Amino acid sequence: MDIKNGELWFVTGSQHLYGDETLKQVAAHSKNIADELNRATEIPVSVIHQPTVTTPDEIYKVCEEANRNKNCVGIIAWMHTFSPAKMWIGGLKILKKPLLHFHTQFNRDIPWSEIDMDFMNLNQSAHGDREFGFIMTRMRLNRKVVVGHWKDLQVRSQIGTWSRAALGWHDWQGAKFVRFGDNMRSVAVTEGDKVEAEIKFGYSVNTHGIGDLVKFINDVPENQINQLCAEYQDKYKLDDSLRKGNSRYASLRDAAKIECGLEHFLQAGSFKGFTDTFEDLHGLVQLPGIAAQRLMNKGYGFGAEGDWKTSALVRAMKVMAVGLPGGNSFMEDYTYHFAPENEMVLGSHMLEICESIAENTPSCEIHPLGIGGKADPVRLVFNVAGGPALNASIIDMGNRFRLLLNQVHAVSPPHDLPKLPVARVLWRPYPDMKIGCAAWILAGGAHHTCYSQNLTVEHLQDFAEMAGIECISIEKNSHLNQIKNELRWNEIYYR
Ligand code: MN
């Protein structure tokens, strides 16, 4: 994915009150800022300067064009002078793309010895942007407000963060996710309203019988299976038994065949992610293990046990993080270490952890799986490096979706885990184990999450605002009472 193809349109508002000379300066300054933001390495998308808008018609037109443009992921709006905001109502009413209100000023410093009324009339964003802010607040529109000089690195990185959220949001619009089989029987949190999700999030989730996938798997040509087995051997520490000529080589071929067939299916249907369930594997030799791990690494969303909400979230977070060091993976809070002063969560899954978060070269192994009743699945086994990370989960509250975040700190495993045949990660939740887990559980957070090494709370808060959904964040400075109150108050807000 070439994210530089994504465009942020830099739109400057003004009016005709000040004469042509001022408007010329406004246009030149705004071009200067847009070009500089376009070159900024903190902003991964292209920033495209647009002509200054000075009338309701011009404003409406640029919003209409932004809606229609396939590459435009959002608009940056700035009022260099004063742009009476009733002019913006028509355009803002129809604007479908996310909006960032950039509260900046062309001049960084006040030119103390030279400042006169001409300067004041040109550099009016301190009040021009307040007029613009009012109309958006009056219209109850979600937007990001970034404050500061346009050369400020923190300002640029905030714009970059928001633009990544906008990329993820853009990617969801019209996206297709496929479910093989339904939800794991009787599980609650992985269920949800797919109709509401399509209305709210713009992506569709539809099912295919596992037999449809089996057809693709059976059609995989021999040479592709050979090639993929060779790739496994080159790329991973391949278990001896799985090597060509050895006892389990046929199982490796089965796994490779599943991966190829699954990828062909996703490509043929232009799907951006999938779910499966171990309760519905008719015609599959193994539960897809290495296939899910590697397809996630290629950017596909994945959710186990029919968890389409997490599959879609994994996909969005992968798009948001394109080009950043570190990875994003489907994850599950699996088991705990309750040693005093050293409490930790061990995150893992039966098989399906994305190799993008692996610390070292994964080993490719085969082991029995206690559930599913199928042949032993091939999987990648690895540890995950220590460092800052977060878990994100979307749940369906019945009348709304809630995005739940928890900052965590990953810890390198203090011991070998010689008998644990799955990829795993250890972390300490913030603010601490007791408060972090209690808050997560009170907020109804799922056991499935997307674990991210490279996205921050701000990325996901920006994303939630674009989606117009609730966002609860459990962070370093969170208190349990504050979270409890937030949950109670949000019940009223969203009623
Ligand atoms: Mn699970």
Side-chain angles (χ1 to χ4, degrees), residues 177-192 194 205 207 210 258 262 273-281 284 286-297 300-318 327-336 344-357 367-374 376-382 384 389-396 402-406 408 417 420-427 429 437 440-441 443-452:
F177 293 89
V178 59
R179 304 172 84 209
F180 299 114
D182 201 292
N183 197 59
M184 179 179 166
R185 279 189 282 279
S186 303
V187 173
V189 77
T190 47
E191 291 278 10
K194 299 193 282 290
V205 182
T207 188
I210 195 79
I258 292 171
L262 198 42
F274 66 104
T275 70
D276 60 16
T277 165
F278 65 89
E279 286 173 339
D280 191 349
L281 295 174
L284 286 195
Q286 314 168 3
L287 176 65
I290 190 170
Q293 294 180 287
R294 285 170 44 90
L295 287 168
M296 260 191 278
N297 196 36
Y300 289 103
F302 172 77
E305 292 112 39
D307 189 348
W308 53 273
K309 295 192 296 300
T310 304
S311 178
L313 183 62
V314 168
R315 164 69 186 192
M317 288 171 71
K318 283 181 172 291
N328 290 271
S329 176
F330 175 71
M331 187 58 68
E332 180 167 296
D333 296 75
Y334 223 101
T335 197
Y336 287 148
M344 288 182 279
V345 181
L346 189 152
S348 186
H349 205 256
M350 289 184 296
L351 303 167
E352 309 94 334
I353 300 298
C354 175
E355 64 169 307
S356 65
I357 62 170
H367 302 275
L369 188 68
I371 52 179
K374 293 286 172 175
D376 299 351
V378 176
R379 81 287 305 273
L380 298 174
V381 180
F382 52 85
V384 175
L390 64 75
N391 278 309
S393 158
I394 289 186
I395 57 165
D396 186 339
R402 169 182 288 162
L403 176 65
L404 188 59
L405 310 173
N406 188 196
V408 304
L417 301 147
L420 186 67
V422 284
R424 60 277 177 145
V425 48
L426 283 163
W427 68 76
C437 293
W440 186 272
I441 284 169
H447 54 287
H448 286 168
T449 59
C450 181
Y451 176 88
S452 179

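Throughout, residue positions are numbered sequentially from 1 according to the sequence presented. Both counts, for ligands and for their atoms, begin at 1 and track the order of listing. From a predicted model like this one, the values you see are computed outputs, not experimental measurements.
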Counting C-beta onward and ignoring hydrogens, is there a side-chain heavy-atom pair between [X] and [Y] closer than 4.5 Å?
| X | Y | value |
| --- | --- | --- |
| P288 | L281 | yes |
| D276 | L287 | yes |
| L380 | R294 | yes |

TODO: Indicate yes or no for a side-chain donor-acceptor contact from W440 to the backbone of A446 under 3.5 Å, with no hydrogens or angles considered.
DONE: yes
Task: Step-by-step ring pair (Phe, Tyr, Trp, His ring centres under 6.0 Å) determination, F177 to F274 - done: CA-CA 5 Å; F177 293 89; F274 66 104; 9.9 Å; no
Open item on the list: Below 2.8 Å, which protein N, O or S atoms neighbour the Mn ion (ligand 1), ignoring water?
Closed with: E305 OE1, E332 OE1, H349 NE2, H448 NE2
Task: Partners meeting side chain to side chain contact (heavy atoms under 4.5 Å, CB included) with S356 (sequence neighbours left out) - done: N297, K318, C354
